[in-house]
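Before any comments, here is the structure.
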Amino acid sequence: MDSTFKIGGDLQVNRLGYGAMRLTGQPGNFGRYSDWEGGQKLLRRAVELGINFIDTAEAYGPGFNEEIIASALHPYPQGVVVATKGGINKPAANDIRADGSPENLRRGCEASLQRLKVEQIDLYQFHRPDPKVPFTDSIGMLAALKKEGKIRHVGLSNVTIEQIETARKIVPIASVQNRFSIIERDGENILDYCTKNNIAFIPYGSLGAHPLKQGSPLANAEGFLAEIAQHHGVKPNQIALAWLLQRANNIILIPGTTTISHLEENIAATAIKLTNDEFEALNQMK
Ligand SMILES: NC(=O)c1ccc[n+]([C@@H]2O[C@H](COP(=O)([O-])OP(=O)(O)OC[C@H]3O[C@@H](n4cnc5c(N)ncnc54)[C@H](OP(=O)(O)O)[C@@H]3O)[C@@H](O)[C@H]2O)c1
């Protein structure tokens with residue numbers, strides 16, 4: 001099992017990253033994070049412990065999540081990759097609007113550049129295809145932003161294989177971020193497609209959490225997952241992460257947390273080695 005993956009063939013990152021979305025106002029990941037200093041500390045601790053891939057989006061906050069990352073980490077230590085997303089506007093906690101128009105993608109990218117305090121975004125992900133806008137128009141704008149140097153690599157999120165293939169005809173696609181975990185395996189064929197094509201696959205909800213709910217349902221999982229965890233002297237959610245890491249070398253994890261102790265637990269999952277029998281049994285678990 002590889003411990004790193006090269007996104008787009010050049011950005012080498014450790015395969016256990018961090019999803020920063022929850023460092024925002026609650027409920028709804030809306031507004032400024034209430035414990036700003038605590039959030040900054042957590043981000044710095046993540047980097048100190050070797051995390052060098054951080055996932056965010058304009059929609060988280062909106063804007064505030066990128067701001068806390070920049071406030072904690074800028075100037076970014078060598079090798080730290082910050083991936084953001086555009087194409088979703090969020091005027092209120094419960095009002096999430098896809099807007100994949102070229103104008104909105106350009107506006108969002110330029111705003112993210114400013115908030116992240118960078119001249120180029122390492123990985124800019126199209127948050128979600130917008131049914132009101134031709135998909136090729138959205139991707140065309142991402143290709144233009146890449147050509148202008150504002151984006152290093154283009155990624156997609158919440159997409160089908162057909163959409164990935166359409167996009168790849170317009171611009172190289174470095175990553176795909178879809179919902180996927182040991183307990184939610186819809187779209188496993190998309191993971192396999194990415195593996196075959198050397199595209200990073202970044203599962204969100206890797207601990208089974210819903211974006212608008214607190215807590216991981218896997219933390220207290222019972223049954224087979226709990227048995228394996230007990231055998232390794234770890235927690236079931238750590239086995240869920242270890243399974244993903246072992247499932248394919250192009251998977252980069254972004255478990256989200258607001259506590260340093262959970263962050264440390266999630267990082268510790270990289271040291272778990274499932275036996276072939278355990279891995280096979282977990283594959284069948286569904
Ligand atoms: N592309 C998209 O459409 C999309 C959608 C949603 C999310 N995302 C990305 O995916 C990332 C992760 O998503 P997510 O946060 O919704 O789901 P997740 O990673 O499955 O789970 C996070 C939840 O699990 C808890 N948790 C984390 N580590 C734990 C541990 N060791 N023990 C017990 N509980 C633990 C956290 O609570 P504590 O704070 O208490 O640890 C948090 O409530 C986000 O940050 C975001 O970057 C992308």
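Sequential numbering from 1 along the given sequence is applied to the chain's residues. Order of listing sets the numbers, starting from 1, for every ligand and every atom in it.
- When heavy-atom distances to ligand 1 are checked against a 4.0 Å cut-off, Ser216 comes that close through both its backbone and its side chain.
- Close approach to Ala209 involves these atoms of ligand 1, each under 4.0 Å from a residue heavy atom: 17 (O), 18 (P), 20 (O), 21 (O), 22 (C), 23 (C).
- With a 4.0 Å cut-off on non-hydrogen atoms, Thr56 does not touch ligand 1 at all.
- Short contacts between ligand 1 and Gly208, defined as distances under 4.0 Å to a heavy atom of the residue, involve ligand atoms 20 (O).
- Those atoms of ligand 1 with a heavy atom of Asn237 less than 4.0 angstrom away are 29 (C), 30 (C), 31 (N), 32 (N), 33 (C).
- If you number the atoms of ligand 1 from 1 as listed, the ones under 4.0 Å from a heavy atom of Lys85 come out as 1 (N).
- A side-chain donor from one of Thr195 and Asn250 sits under 3.5 Å from a side-chain acceptor of the other.
- Taking only nitrogen or oxygen atoms, main chain and side chain alike, Gln214 does not reach within less than 3.5 Å of ligand 1.
- The closest donor-acceptor contact from the side chain of Arg97 to the backbone of Ile88 lies at 3.5 Å or more, if one exists at all.
- Counting only N and O atoms by type, the side chains of Glu66 and Thr84 include a donor and acceptor under 3.5 Å apart.
- Not a single heavy atom of Tyr18 lies less than 4.0 angstrom from ligand 1.
- What sits closest to atom 36 (C) of ligand 1 on the protein, heavy atoms only, is Gly256 O, 3.5 Å.
- Nearest residue to atom 9 (C) of ligand 1 from Arg179, Gln177, Gln26 is Gln177 (criterion: closest heavy atom).
- Each of the atoms 19 (O) of ligand 1 lies under 4.0 Å from some heavy atom of Pro255.
- Scanning both residues, Ala98 and Pro129, for their nearest heavy atoms gives CB-O, 4.4 Å.
- Only the backbone of Ala20 comes within 4.0 Å of ligand 1, counting heavy atoms alone; no side-chain atom from C-beta on gets that close.
- Protein heavy atom in closest approach to atom 40 (O) of ligand 1: His262 ND1, 3.5 Å.
- Between Leu225 and Leu282, the closest heavy-atom pair is CD1-CD2, 3.6 Å.
- Atoms of ligand 1 lying under 4.0 Å from any heavy atom of Asp55, numbered from 1 in the order shown and given with element: 9 (C), 46 (C), 47 (O).
- Here is the list of ligand 1 atoms found below 4.0 Å of a heavy atom in Glu265: 30 (C), 31 (N), 32 (N).
- In this structure, the protein non-hydrogen atom closest to atom 11 (C) of ligand 1 is Ile254 O, 3.4 Å.
- Summary of contacts: the protein heavy atom closest to atom 8 (N) of ligand 1 is Tyr60 OH, 3.4 Å.
- Side-chain contact, Asp99 with Ser101: a donor N or O sits under 3.5 Å from an acceptor N or O.
- Heavy atoms of Asn158 found under 4.0 angstrom from ligand 1 belong exclusively to the side chain.
- With no hydrogens or angles considered, a side-chain donor-acceptor pair links Gln125 and Asp55 at under 3.5 Å.
- Taking only non-hydrogen atoms, the option from Ala83, Ser157, Gly205, Ala59 nearest to atom 13 (O) of ligand 1 is Gly205.
- The N/O atoms of Ala219, backbone and side chain alike, include none that comes under 3.5 Å of an N/O atom in ligand 1.
- The Ser206 neighbourhood of ligand 1 comprises atoms 20 (O), with distances under 4.0 Å to a heavy atom of that residue.
- Of all the heavy atoms of Gln238, none lies under 4.0 Å from any atom of ligand 1, so neither backbone nor side chain is involved.
- Summary of contacts: the protein heavy atom closest to atom 2 (C) of ligand 1 is Tyr204 CE2, 3.3 Å.
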